[in-house]
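Structure first, commentary second.
Proteins get letters first, then strands, A, B, ... in listed order; numbering begins at 1 in each. Values below: every heavy atom of this structure, side chains too, minus hydrogens, waters and symmetry copies.
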There are 2 protein chains.
Amino acid sequence: MSLMELKEAKDKFIHTWGTLATQWGINRTMAQIHALLLLSSKSMNADEIMADLQISRGNVNMNLRDLMDWGLIYKQLLPGERKEYFIAEKDIWKVAKQIAKERRRREIGPLIEAMEDIKEGIQPDTAEKEEFLKIVNDISKVSVFADNTMTSLLKSDENWLINNFIKIFNK
Amino acid sequence: MSLMELKEAKDKFIHTWGTLATQWGINRTMAQIHALLLLSSKSMNADEIMADLQISRGNVNMNLRDLMDWGLIYKQLLPGERKEYFIAEKDIWKVAKQIAKERRRREIGPLIEAMEDIKEGIQPDTAEKEEFLKIVNDISKVSVFADNTMTSLLKSDENWLINNFIKIFNK
DNA sequence: TTGAATTTTCAAAATATTCTGAAAGTTTTT
DNA sequence: AAAAACTTTCAGAATATTTTGAAAATTCAA
């Protein structure tokens, strides 16, 4: 039956998204809530998410906040409703950019800081120290490079989006 | 005292490397072994690593194999020695490329496969299904794009980004 | 082939992370 | 102001991951 087929596919999507997420450092429930909201045309409240994924209120609350921190979902206040509703960013391109941005911030930033911090106390007054400093400096440079590359990619995309937008708009 | 200063900096480096690694999905011990070998001018055997990081033989063995899988360290057989020695790739640019390559393989590959797999069974014969397929297809496209971007970054050394990097790196 | 040296495996223990749910906190309605 | 509706917090429980270490497997020399 057709509706069942879609339901199954959606469940598979949510399950898969959760499994993949753990592979790349994101917690399974957070990913599943994200997937659920991605597939939902309406925004959902905490109770609906709890019922759908069979998880506790605390878990839902915490992961919704994390997803908002990541910029992947938005809070939506519906008129006449007391409850808070949540809706996912549906533009997958924006989603990917947001994830890339956050990962850059979380993964590369601290690395650059740490290397700068380690360099501080050391003078290159022996061959051994020079060798050590070379490694730290090289990691610094690679990190800064990766950071810049990410930034350029994210920026050039903005240009691309703007260009595209102008094209469509002028049509 | 100077030697102590270096020793401390090295320890800090190893510790920091391990902590950062957990932040981005890599196991702490694996990162620490990698850092230790990065800083060591000589290759090291399992016993030396055990003693240095105060960890068990099983742990060392397992993580050395993982590091070889990642292409970050090499096994070195010294003439006249029964024990296996390990040495890290010291060219940080190669290290970064290797990490990027592996992460692409581990993180993006499965995503593309999973989306293809989900698309399989669904026909776009209702509006709802079309909507669902749009999301899956968009994710597919973004993943393939990310994969291609990574690949071109890693491949062509005449790429503008890489030239940019070389400028910075050789300064 | 035997046995010593070395590496690998893996079940159990230790550690780390995630989840639960009830209590506390907040906001809104009456 | 009190009660109702809803959200947040957080200590303890559940789950998942990592580590240990001794036994099994492998390698090599004699």
Side-chain angles (χ1 to χ4, degrees), chain A residues 14-37 43-70 72-87 106-107, chain B residues 14-37 43-70 72-87 106-107:
Chain A
I14 291 170
H15 177 264
T16 304
W17 200 247
T19 307
L20 287 176
T22 55
Q23 291 274 333
W24 41 298
I26 286 165
N27 136 319
R28 191 171 68 238
T29 306
M30 177 172 148
Q32 287 185 341
I33 294 176
H34 182 225
L36 178 63
L37 290 175
S43 55
M44 297 178 79
N45 64 41
D47 290 275
E48 290 167 345
I49 296 168
M50 284 169 67
D52 212 306
L53 298 179
Q54 298 283 4
I55 55 181
S56 73
R57 183 176 303 284
N59 199 3
V60 168
N61 184 271
M62 150 163 250
N63 283 296
L64 282 174
R65 272 182 304 112
D66 284 351
L67 282 166
M68 284 193 288
D69 285 349
W70 275 80
L72 298 177
I73 66 172
Y74 311 116
K75 193 184 278 189
Q76 209 177 43
L77 293 176
L78 297 183
E81 280 277 7
R82 276 291 281 287
K83 283 179 178 148
E84 294 177 333
Y85 282 73
F86 298 88
I87 192 157
R106 287 162 201 246
E107 296 179 5
Chain B
I14 291 169
H15 177 264
T16 304
W17 201 247
T19 306
L20 287 176
T22 54
Q23 291 274 332
W24 39 301
I26 287 165
N27 141 318
R28 191 171 70 240
T29 306
M30 177 172 147
Q32 287 185 341
I33 294 175
H34 182 225
L36 178 63
L37 289 174
S43 55
M44 297 178 78
N45 64 40
D47 290 277
E48 289 166 346
I49 296 168
M50 284 170 68
D52 212 305
L53 299 179
Q54 298 284 2
I55 54 180
S56 73
R57 182 177 303 284
N59 200 3
V60 167
N61 184 271
M62 152 164 247
N63 283 297
L64 282 173
R65 272 182 304 113
D66 285 351
L67 282 165
M68 284 193 288
D69 286 348
W70 275 78
L72 298 177
I73 65 171
Y74 312 115
K75 194 182 276 190
Q76 211 178 41
L77 292 177
L78 297 183
E81 280 277 8
R82 267 303 269 293
K83 284 180 176 144
E84 296 176 332
Y85 283 73
F86 299 87
I87 193 157
R106 286 162 200 245
E107 296 179 3

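Put simply, CG on A:Asn45 is 7 Å from P on D:dT7, counting in whole angstrom units. We find that CD1 of A:Ile55 is positioned 14 Å from P of C:dT18, with the value rounded to whole Å. Rounded to whole angstrom, the span from the CG atom of B:Asp66 across to the P atom of C:dT9 amounts to 11 Å. Following rounding to the nearest Å, A:Arg28 (CZ) and D:dA16 (P) show an atom-to-atom distance of 6 Å. Here the C1' atom of nucleotide D:dT15 and the CD atom of A:Gln54 are 18 Å apart, to the nearest Å. Atoms NZ (A:Lys75) and P (D:dC6) sit 14 Å apart, rounded to a whole Å. In this structure, A:Asn63 places its CG atom 15 Å from C1' of D:dT7, rounding to the nearest Å. When rounded to the nearest whole Å, the span between CG of B:Asn61 and P of D:dA24 equals 17 Å.
In the displayed structure, A:Met62 atom CE is contacted under 6.0 Å by at most 12 heavy atoms of other residues, nucleotides or ligands.
Residues A:Arg106 and B:Gln23 form no side-chain contact, since every pair of their non-hydrogen atoms from C-beta on lies 4.5 Å or further apart. With a 4.5 Å cut-off on side-chain heavy atoms, B:Leu37 and B:Leu64 count as touching.
Rounding to the nearest 0.5 angstrom, the gap separating the OH atom in A:Tyr85 from the CD1 atom in A:Ile73 is 14.5 Å. If you take CE on B:Met30 and CH2 on B:Trp70, they are separated by 5.5 Å, rounding to the nearest 0.5 Å. Considering CG of B:Leu36 and CG of B:Leu53, their distance stands at 5.0 Å, rounded to 0.5 Å.
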Pairs under 3.5 Å (N/O, protein and nucleotides 23-30 of chain C):
unit_1 : atom_1 : unit_2  : atom_2 : d
C:dT27 : O2     : A:Arg82 : NH2    : 3.4

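Side-chain N or O atoms of A:Asn63 include one that pairs as donor or acceptor with a backbone N or O of A:Asn59 at under 3.5 Å.
Within the nucleic acid shown, B:Thr22 has no heavy atom closer than 4.0 Å to any nucleic acid atom.
Listed nucleotides D:dT7, C:dT7, D:dT20 differ in distance to B:Glu84; the shortest reach to its side chain belongs to C:dT7. Residue A:Arg65 has its side chain nearest to D:dT8 when only D:dT8, C:dT7, C:dT8 are considered.
OP1 or OP2 of D:dT19 lies within a sub-4.0 Å distance of a side-chain N or O belonging to B:Thr29. In this model, the phosphate group of D:dA16 is not approached by any side-chain N or O of A:Asn27 to a distance below 4.0 Å at OP1 or OP2.
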